[in-house]
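Labels below follow one simple rule: chain letters A, B, ... track the order of the sequence lines, proteins then strands, and each chain is numbered from 1. Predicted model only: the values in this text are computed from it and were never measured.
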There are 2 protein chains.
Amino acid sequence: MIKEISEQSLRRLPQYLIILQKFLTEGRLYCSASHIADAMQISAIQVRKDLAKIATDEGVPNQGRKVNQLIRDIETFLGYNTVSEAVIVGVGMLGRALISYKGFHDYGVKIIMGFDAATQDIFTINKTPIYSVKVMPNLVKRMRVKIGIITVPKDQAQAVCNQLLDAGVQAIWNFAPVHLDVPEHVIVHHENMAESLAVISNKLKKQGEKS
Amino acid sequence: MIKEISEQSLRRLPQYLIILQKFLTEGRLYCSASHIADAMQISAIQVRKDLAKIATDEGVPNQGRKVNQLIRDIETFLGYNTVSEAVIVGVGMLGRALISYKGFHDYGVKIIMGFDAATQDIFTINKTPIYSVKVMPNLVKRMRVKIGIITVPKDQAQAVCNQLLDAGVQAIWNFAPVHLDVPEHVIVHHENMAESLAVISNKLKKQGEKS
DNA sequence: CTTAATTCGATATTTAATTATCGACTTTAT
DNA sequence: ATAAAGTCGATAATTAAATATCGAATTAAG
Ligand SMILES: NC(=O)c1ccc[n+]([C@@H]2O[C@H](COP(=O)([O-])OP(=O)(O)OC[C@H]3O[C@@H](n4cnc5c(N)ncnc54)[C@H](O)[C@@H]3O)[C@@H](O)[C@H]2O)c1
Ligand SMILES: NC(=O)c1ccc[n+]([C@@H]2O[C@H](COP(=O)([O-])OP(=O)(O)OC[C@H]3O[C@@H](n4cnc5c(N)ncnc54)[C@H](O)[C@@H]3O)[C@@H](O)[C@H]2O)c1
């Protein structure tokens, strides 16, 4: 059964998780949609509707929901319990940061290998092995890896993407500032920091003009 | 004059830029909304409406717009021509990657200094000086820096945020997976990779269930 | 010169997302 | 007990975003 949820709601769920974890550390056992909404400065109605979509049990009037159950529900919905394996291509500055980032583990993603063009020998970063990109197709096929993370220079990104898809990867998470062309069924997510900066700069500009 | 644009449109503008730059390298002088739309696999109407909001001159029927003029218009709108200075606090794996990232320059942002708790001596990363976080308030105040980038561990993020705001920073770009509480007028942007992963995982899950 | 193919921009229309309203139900305090 | 405050969930209303439609304009092809 596929539960339908809008991408907007989906993106809010990890944010709720952050708030809920804070509540847990504060020793709160119950929380309501309005508590979360206050903490995030968004509308309580929106939170309530989002939670209704993913919660397994009902909320209690004048009390809200159990914090730990809610965390479990969101994590289950987001698939944090079933680990997806990923590989990363391009072990430069950003690639290294991502490989050594412990947070992904909480999100149900495990980077099991890295590949780089400038590598002859195998070495490891935080126990993650790094291989030459030449052996990538073989290894990725054998391990049936589903997610490919691209952190190579932009002029290499499309070629790397094609190789990953050839090797059977189903989803691409691309950090290079280029648009990747992929067949219809392939999932691509472009992580573009310029988007964030666009939002920040625009708000700054507006604030500057207000005064 | 404050041109109103939705956040959704705003986030698409840097993506158009990526396509347009590709067109330029291909030697195309003109392009239409549908060309961009095709390249990005989104609706041409949406592109046309977005462009209408920021273009300075009108499009030509059966020809579209001048690619280079369009690039200029988007860049101007996004403020890529006027450089905003930023500082980064937390010079670990991610901090180093961001400091050495050359892309920000194109986006009108310059990271002029970094600060870390584990630093006694001044050193540099790609010519960007890194100081002890102790001198941060002083330096940031003196330089009137507007943007603060936070790449410290999550339990330090709120404290660092408060220090940055005390030092007069107007906007915070936070990479730590915590929610930052700030006064009303302050601009905060949370960069949460879990959001992206939520979208990717959800699509993967749906695709898995289809078969 | 005429026709066909594109494209724009303006104005609907449709769809999606957010916000509001309200009755019912618990808990807590008086 | 009773009243008051807080919450949920369902439904309705509003707002925002995306998509569709259409006439006018321009180019390129025949
Ligand atoms: N550094 C950042 O903070 C940052 C931020 C946003 C986006 N990006 C983008 O991420 C990408 C990587 O950035 P970076 O700063 O890590 O650059 P980098 O130069 O440090 O790393 C790139 C790595 O890719 C490797 N490489 C090159 N071609 C390859 C290929 N065909 N196959 C496998 N490996 C290959 C290089 O050997 C190098 O190690 C770039 O596209 C950049 O624009 C970086
Ligand atoms: N590495 C990634 O790819 C990644 C991805 C997403 C989010 N993040 C988040 O970004 C943050 C940094 O990640 P990282 O991998 O670079 O960690 P890291 O441990 O490599 O770096 C953290 C740095 O912050 C410094 N620091 C600690 N407390 C400080 C303080 N009070 N003031 C100034 N500096 C201080 C440390 O000395 C260290 O150099 C974390 O919150 C992490 O969750 C990292």
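Nucleotide dT19(C) holds its P atom 14 Å from the CD atom of Gln41(A), rounded to whole Å. Rounded to an integer number of Å, the gap from Lys49(B) NZ to dG9(C) P is 13 Å. Distance, Glu58(A) CD to dA24(C) P: 16 Å, rounded to whole Å. Straight-line distance from the CZ atom of Arg11(A) to the P atom of dA17(C): 13 Å, rounded to whole Å. Regarding Gln63(B), its CD atom lies at a distance of 16 Å from the C1' atom of dA24(D), rounded to whole Å. Here dA13(D) presents its C1' atom at 11 Å from CD1 of Ile45(A), a figure rounded to the nearest Å. Remark: P of dT15(D) and CD of Gln8(B) are 18 Å apart, rounded to the nearest angstrom. One atom, CG of Asp50(A), and another, C1' of dG9(D), lie 14 Å apart when rounded to the nearest Å.
Side chains of Thr56(B) and Asp73(B): a donor on one and an acceptor on the other come within 3.5 Å. Side-chain contact of Asp50(A) with Tyr16(A): a donor-acceptor pair under 3.5 Å is present, judged by distance alone. A donor-acceptor pair shorter than 3.5 Å cannot be found between the side chains of Ser84(A) and Lys110(A).
Residue-level contact check: Arg65(A) touches the backbone only, with heavy atoms under 4.0 Å from sugar-phosphate atoms and none from bases. Contact annotation for Ala44(B): no contact, since no heavy-atom pair falls under 4.0 Å across all strands. Backbone-only engagement by Ser6(A) is indicated by non-hydrogen atom pairs under 4.0 Å involving sugar-phosphate atoms exclusively.
Set against dT18(C), dC8(C), dG9(D), the side chain of Ala33(B) has dC8(C) as its closest nucleotide. Distance from the side chain of Arg12(A) is smallest to dT18(C) among dG9(C), dT18(C), dA20(C). Closest to the Gln46(A) side chain, of the nucleotides dG9(D), dA20(D), dT18(C), is dT18(C). Residue Pro61(A) places its side chain closer to dT7(D) than to any other of dT19(D), dT7(D), dC8(C).
A cation-pi arrangement is present between Lys205(B) and Phe77(A), with the terminal nitrogen or guanidinium carbon under 6.0 Å from the aromatic centre and inside a 45° cone about the axis.
For Ser34(A) and dG6(D), the shortest distance from a side-chain N or O to OP1 or OP2 is not below 4.0 Å. Between His35(B) and dT7(C) there is a side-chain N or O to OP1 or OP2 distance below 4.0 Å.
Mapped onto DNA chain C by nearest heavy atom, Ser32(B) and Ser43(A) fall at different nucleotides, with Ser32(B) at the one closer to the 5' end. Looking at which nucleotide of DNA chain D each of Asp57(A) and Asn62(A) is closest to, the 5′-most match is held by Asn62(A).
Taking the six-membered ring where tryptophan is involved, the planes of Tyr107(A) and Phe104(A) are perpendicular, since the angle between them exceeds 60° and thus also 30°.
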